[in-house]
Enquirer: 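Submitted below is the structure of interest, expressed as structure tokens.
Chain letters run A, B, ... following the sequence lines, proteins first, then strands; residues in each count from 1.
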Amino acid sequence: MSEEKSLNFIEEIVEADLASGKYQTILTRFPPEPNGYLHIGHAKSICLNFGLGLKYGGKTNLRFDDTNPTKEEVEYVDSIKEDVQWLGFSWANELYASDYFEQLYLFAVDLIKKELAYVDDLSAEEIATLKGTPTVPGMDSPHRTRTVEENLQLFADMRAGKYTDGEKVLRAKIDMSAPNMHMRDPLLYRIKHAHHHRTGDAWCIYPMYDFAHGQSDSIENITHSICTLEFIPHRELYDWLIEKLDIFPSKQYEFARLNMTYTVMSKRKLLQLVTEGHVQGWDDPRMPTISGMRRRGFTAESIRNFCDKIGVAKRENMIDFSLLEFCLREDLNKSALRVMGVLDPVKLVITNYPEGQTEELVSENGPDEAYGTRIVPFSNTLWVEREDFMEVAAKKWFRLAPGAAVRLKSAYIVRCDGFTKDAEGIVNEIHCSYLPETKSGHDTSGISVKGTIHWVSVEHALPAEVRLYERLFKAENPSTEEGDFKEYINEDSLTIIPDARVERSLANATIESRYQFLRKGYFCLDKESTPEKMVFNRTVTLKDAWSKTANKA
RNA sequence: UGGGUUAUGGUGUAAUGGUAACACAACAGAUUUUGAUUCUGUCUUUCUAGGUUCGAAUCCUAGUAACCCAACCA
């Protein structure tokens, strides 16, 4: 667009194809199997595919690769559509591989007639054995030489339901000694007497991925079929089938999938976390799913930005989680309204402030004037953060401690005169005196303090439950650690604070709004929140230079 | 030990034979009524060995390492 940003290798291919006149316009597709929820890795693919369509004036289809009825559900279809839309993309057409079943069947018949496919009676084990290994060539199936007529009849019988699951398969007739294992007479169709979420019981044979994906691309006239690296070995077969069927030559290109530290990115593993109860669902705020991140408070903008920053290449990668957090904070810093909330409250009493008096103080809502201001009520008894008080000040401590002065944000400077403890020795009250001439915005004192802390008035504050999240795994890459990835689950990834206190203005909080609780991070209302009981999720903390300083000491 | 893919700072990504750069992270400082933001600065890089060339991350040769492929999954 504006300044020159270097192209990724797929954009280079597209530009070359457009420049050479190979295509007038491009058509891409995002092709999920509806067998789980979308995660941040899919977001990379979504941004790539839809981004290409947008950038080059082409179009992008949403196509469900629903060729395995035993794993797929309508629930997943619905969630995928919601997630793609939420990310901010619109598809040209909503399509399903299952809509092409009849056409695919005819393609198979065509292949049989060309003597390029045959029905095999061998069991899965026998087929695997005859397939050989990467270093040992395979051997032909005894059924490889069946006549066209016989194959046609057998395949029709398969479709008609004359056989049980696994009794027969349709295979391509290619080369049992091919160095590429995928070319050793790959399976094209298998029998599954299973109910399909869209075609119901109309079919009992289903095409395999290799006989559905490329053909669907071709039917749709997809120009650039973009997938991840592990499909590279499939490309030879992808091209072979298109060539033999003599159909639109879609081309497959592969990029490296996204990996991120401290999480897992496979549907199988995510499904396990859900079904085994390690998280509360696909949209658990700790999950790397789009729905989980949305619930956690991520913005679509921040995810799109992240996908833009990580780039597209063919090299295996492991992205620092901190880059995602950076993109998140960058966006939230611009958009989140500033409010005050005390997560771990301890009482602060201003001994020289009139008992029962309330002042309506003005506080800014955001980083600049455009955000406006709001009123926060102030009184002589406040809740402040327990961690903002020390009985004995540490080095470089800017906050409350006996003898120390701090500013209460948007209010007055107070000096700590003392504190009391309960029977267990826990500090239960901090005593301060305030300086009337230091009122925020009208400060005539000339006094400046190093620290400013947030607070809420005890009488006016609202109770709220706050949920804090840590990374889901303790290991940077749980999938490559020894043993099961679940051994590396972080048991402390969720902290529930049942009795936090937030300022009054939050009574009007909505699910869509994001807030910065001053000094404590970005928060959003959870879907489980009710008018009687507000529930906030902490999306991400603020950067914290103090904790580093404190840890060093 | 068959085939395929990839190697650039701690992590990503650029540089397409001509000064190795950008972002994140880390570190230091300035500003700050959020120890946030913002601003300034520092840090660290071409897998190895040869070769071609005035000049190589880029081209050639030989190695090395990592990842993928032998599901009636996608």
Side-chain angles (χ1 to χ4, degrees), chain A residues 5-8 12 31-33 35 65-68 70-72 120 122-124 127-129 131-138 165-171 177-184 187-192 205-206 208-210 212-213 227-236 254 256 261 267-268 309-327 329-330 333-334 338 340 363-364 367 396-399 406-411 413 438 440-441 443 448-454 516-521 541-550:
Chain A
K5 198 187 166 232
S6 55
L7 305 176
N8 65 50
E12 280 179 0
E33 181 188 14
N35 67 344
D65 244 346
D66 54 349
T67 57
N68 185 355
T70 56
K71 285 189 174 175
E72 298 151 7
D120 202 343
L122 260 29
S123 69
I127 288 176
T129 306
K131 199 163 236 171
T133 70
T135 51
V136 177
D165 290 8
E167 209 176 330
K168 287 190 166 36
V169 292
L170 183 74
R171 301 177 71 179
S177 60
N180 181 348
M181 298 297 287
H182 291 274
M183 299 301 276
R184 321 247 266 222
L187 267 59
L188 266 22
Y189 266 93
R190 77 289 217 188
I191 298 170
K192 268 183 197 271
I205 57 171
Y206 292 91
M208 298 289 289
Y209 166 84
D210 284 307
H213 198 95
C227 60
T228 46
L229 255 28
E230 63 269 29
F231 290 96
I232 288 177
H234 294 253
R235 190 176 58 226
E236 190 179 356
E254 312 87 6
T261 55
K267 280 196 212 166
R268 201 196 94 242
K309 280 194 161 67
I310 58 178
V312 177
K314 299 189 78 155
R315 168 159 51 146
E316 297 281 346
N317 59 76
M318 177 63 71
I319 309 284
D320 264 344
F321 197 83
S322 58
L323 182 60
L324 218 207
E325 290 189 328
F326 167 81
C327 294
R329 291 190 183 109
E330 184 186 42
N333 180 48
K334 288 184 292 191
R338 314 289 133 123
M340 291 196 280
S363 192
E364 66 274 18
K396 292 194 181 170
W397 179 254
F398 302 159
R399 312 178 192 174
V406 298
R407 175 171 289 281
L408 297 171
K409 173 69 183 173
S410 298
I413 290 176
T438 59
S440 185
D443 195 327
S448 74
V449 290
K450 293 281 266 182
T452 299
I453 64 171
H454 60 283
Q516 184 194 102
F517 285 14
L518 241 48
R519 307 206 300 136
K520 297 312 293 180
T541 60
L542 258 25
K543 276 220 227 163
D544 182 5
W546 164 248
S547 70
K548 286 177 191 166
T549 313

Enquirer: Under the side chain to side chain donor-acceptor pair (under 3.5 Å) test, which residues partner A/Ser363, sequence neighbours left out?
Expert: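 So A/Ser363 forms a side chain to side chain donor-acceptor pair (under 3.5 Å) with A/Ser410.
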Enquirer: Is A/Asp443 salt-bridged to A/Arg407, cutoff N-O under 4.0 Å?
Expert: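 A salt bridge links A/Asp443 with A/Arg407.
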Enquirer: Is any N or O donor-acceptor pair between the side chain of A/Ser440 and the base of B/U33 shorter than 3.5 Å?
Expert: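 Flag set: donor-acceptor pair detected.
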Enquirer: Expressed in whole Å, how much space separates the P atoms belonging to B/A57 and B/G51?
Expert: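 Per the computed distance, 15 Å lies between those P atoms.
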Enquirer: Using the ring centroid of each side chain, check whether A/Tyr209 and A/Phe231 are separated by less than 6.0 Å.
Expert: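 Judged by ring-centre distance (under 6.0 Å), A/Tyr209 and A/Phe231 do meet the cut-off.
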Enquirer: For A/Thr67, which residues count as a side chain to side chain donor-acceptor pair (under 3.5 Å) partner, sequence neighbours excluded?
Expert: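 With sequence neighbours excluded, A/Thr67 shows a side chain to side chain donor-acceptor pair (under 3.5 Å) to no residue whatsoever.
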Enquirer: Give the B/S/- string for nucleotides 64-74 of chain B, one per nucleotide from 5' to 3', where a protein heavy atom under 4.0 Å of the base yields B, of only the sugar-phosphate yields S, and otherwise -.
Expert: ---SSSBSBSB
Enquirer: Suppose you measure atom P in B/G63 against the same atom in B/U1; what distance do you get, rounded to whole Å?
Expert: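 One P to the other, the span is 11 Å.
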Enquirer: Sticking with atom C1', work out how far B/G55 lies from B/A65, rounded to a whole angstrom.
Expert: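 Comparing C1' positions in B/G55 and B/A65 gives a spacing of 29 Å.
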Enquirer: Taking any heavy-atom pair under 4.0 Å as a contact, classify A/Val136: base, sugar-phosphate, or nothing.
Expert: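 Contact class for A/Val136: none.
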Enquirer: Considering only atom P, compute the distance from B/A23 to B/C39 and round it to an integer number of Å.
Expert: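 It comes out at 11 Å once rounded to the nearest Å.
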Enquirer: Looking only at the side chains, is there a donor atom on one of A/Asn180 and A/Glu236 sitting less than 3.5 Å from an acceptor on the other?
Expert: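 Distance-only check passes for A/Asn180 and A/Glu236.
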Enquirer: What does A/Lys409 touch in the nucleic acid at a heavy-atom separation under 4.0 angstrom: a base, only the sugar-phosphate, or nothing?
Expert: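 Base: the residue A/Lys409, judged by heavy atoms under 4.0 Å, touches a nucleobase.
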Enquirer: Would you mind checking if A/Arg190 and A/Glu167 are paired as a salt bridge, meaning a charged N to carboxylate O distance below 4.0 Å?
Expert: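 The answer is no: the pair does not qualify as a salt bridge.
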Enquirer: So what does A/Gly441 hit on the nucleic acid, given a heavy-atom distance under 4.0 Å: a base, only sugar-phosphate, or nothing?
Expert: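 Base contact.
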Enquirer: Could you tell me how far B/A74 sits from B/U53 if I compare only their C1' atoms? Round to whole Å.
Expert: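 After rounding to an integer number of Å, I get 49 Å for this pair.
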Enquirer: Roughly, in whole Å, what's the span from NZ in A/Lys520 to P in B/A36?
Expert: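 From A/Lys520 NZ to B/A36 P: 14 Å.
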Enquirer: Assuming nearest nucleotide by heavy-atom distance, tell me which of A/Trp397 and A/Ala256 is located more 5' along RNA chain B.
Expert: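 Per heavy-atom nearest nucleotide, the more 5' residue is A/Ala256.
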Enquirer: Between B/C22 and B/G17, how far apart are the two C1' atoms, rounded to whole Å?
Expert: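 My reading of the C1' atoms in B/C22 and B/G17 gives 22 Å.
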Enquirer: Report the residues that fulfil side-chain contact (heavy atoms from CB on, under 4.5 Å) with A/Ser123, sequence neighbours left out, ordered by chain and then residue number.
Expert: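 Applying side-chain contact (heavy atoms from CB on, under 4.5 Å) to A/Ser123 gives A/Glu125, A/Glu126.
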Enquirer: For A/Glu316, enumerate each residue passing the salt bridge (charged side-chain N to carboxylate O under 4.0 Å, His left out) test, keeping only those at least two apart in sequence or located in another chain.
Expert: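 In terms of salt bridge (charged side-chain N to carboxylate O under 4.0 Å, His left out), with neighbours along the sequence ignored, A/Glu316 is linked to no residue.
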Enquirer: Nearest of B/U34, B/G35, B/U5 to any side-chain atom of A/Gln516?
Expert: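 From the listed options, B/U34 comes nearest.
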Enquirer: State, yes or no, whether a side-chain contact exists between A/Leu542 and A/Lys520 at a heavy-atom distance under 4.5 Å.
Expert: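 A side-chain contact is absent here, since even the closest heavy-atom pair is not under 4.5 Å.
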Enquirer: Pull out every protein N or O sitting under 3.5 Å from an N or O of nucleotides 40-48 of chain B, one pair per line with the distance.
Expert:
none

Enquirer: Test for a donor-acceptor pair under 3.5 Å between the base of B/G35 and the side chain of A/Arg519, counting only N and O atoms.
Expert: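 Answer is no: no donor-acceptor pair is held.
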Enquirer: Mind checking if A/Ser410 touches a base, just sugar-phosphate, or nothing, with heavy atoms under 4.0 Å?
Expert: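 The residue A/Ser410 makes base contact.
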Enquirer: Between A/Asn8 (CG) and B/U6 (P), how many Å, whole number?
Expert: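 My rounded result for the distance is 15 Å.
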Enquirer: Find out whether A/Asp66 and A/Glu72 are in side-chain contact, i.e. whether some heavy atom of one side chain is under 4.5 Å from a heavy atom of the other.
Expert: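 Contact flag for A/Asp66/A/Glu72 side chains = yes.
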Enquirer: A/Leu7 has an atom CG; how far is it from atom P of B/U13, in whole Å?
Expert: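 Value for this atom pair: 16 Å.
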Enquirer: Once side chain to side chain donor-acceptor pair (under 3.5 Å) is applied, do any residues pair with A/His234, and if so which ones, sequence neighbours excluded?
Expert: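 A/His234: side chain to side chain donor-acceptor pair (under 3.5 Å) contacts with A/Asp210.
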Enquirer: Reckon A/Arg399 touches a base, only the sugar-phosphate, or nothing at all at heavy-atom distances under 4.0 Å?
Expert: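 Answer is base: heavy atoms of A/Arg399 come under 4.0 Å of a base.
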Enquirer: Can you name the residues that form a salt bridge (charged side-chain N to carboxylate O under 4.0 Å, His left out) with A/Arg184, not counting sequence neighbours?
Expert: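 Testing A/Arg184 for salt bridge (charged side-chain N to carboxylate O under 4.0 Å, His left out), a comparison that skips the adjacent residues, returns none.
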Enquirer: Output the rounded distance in Å from CD1 (A/Ile453) to P (B/A36).
Expert: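 Going from A/Ile453 (CD1) to B/A36 (P), I get 16 Å.
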Enquirer: Who are the salt bridge (charged side-chain N to carboxylate O under 4.0 Å, His left out) partners of A/Arg338, not counting sequence neighbours?
Expert: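 Once residues adjacent in sequence are excluded, A/Arg338 has no partner under the salt bridge (charged side-chain N to carboxylate O under 4.0 Å, His left out) criterion.
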Enquirer: Could you state the CD-P distance from A/Glu330 to B/A36, rounded to the nearest angstrom?
Expert: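 Whole-Å distance recorded here is 17 Å.
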Enquirer: Using the C1' atoms only, state how far B/A56 lies from B/U61, rounded to an integer number of Å.
Expert: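 My reading of the C1' atoms in B/U61 and B/A56 gives 15 Å.
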Enquirer: Applying side chain to side chain donor-acceptor pair (under 3.5 Å), can you list everything that pairs with A/Glu325, at least two apart in sequence or on another chain?
Expert: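 Expected list: none.
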Enquirer: How far, in whole Å, is B/G50 from B/A15 if one measures between their C1' atoms?
Expert: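 So the two C1' atoms sit 25 Å from each other.
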Enquirer: Is A/Lys71 salt-bridged to A/Glu33, going by a charged N under 4.0 Å from an acidic O?
Expert: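 Salt bridge flag = no for A/Glu33 with A/Lys71.
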Enquirer: Whole-Å distance between B/U32 C1' and A/Glu364 CD?
Expert: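 That distance rounds to 12 Å.
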Enquirer: Check the distance between B/A36's C1' and A/Arg407's CZ and give it to me in whole angstrom.
Expert: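 After rounding, the reported distance stands at 18 Å.
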Enquirer: With the criterion being N/O to N/O and under 3.5 Å, what pairs connect the protein with nucleotides 19-25 of chain B, and how long is each?
Expert:
none

Enquirer: For RNA chain B, what string of dots and brackets results from 5' to 3' when Watson-Crick and G-U pairs need both distances under 3.5 Å, crossing pairs get [ ], and pairs with another strand get |?
Expert: .((((((..((((....[..)))).(((((.......)))))....(((((..]....))))))))))).....
Enquirer: What is the distance, rounded to the nearest whole Å, between atom CD1 of A/Ile319 and atom C1' of B/G12?
Expert: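 So the CD1-C1' distance, A/Ile319 to B/G12, works out to 5 Å.
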Enquirer: One thing to verify: whether A/Arg171 and A/Asp120 come together as a salt bridge, which I'm taking to mean a side-chain N less than 4.0 angstrom from a carboxylate O.
Expert: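 Salt bridge present between A/Asp120 and A/Arg171.
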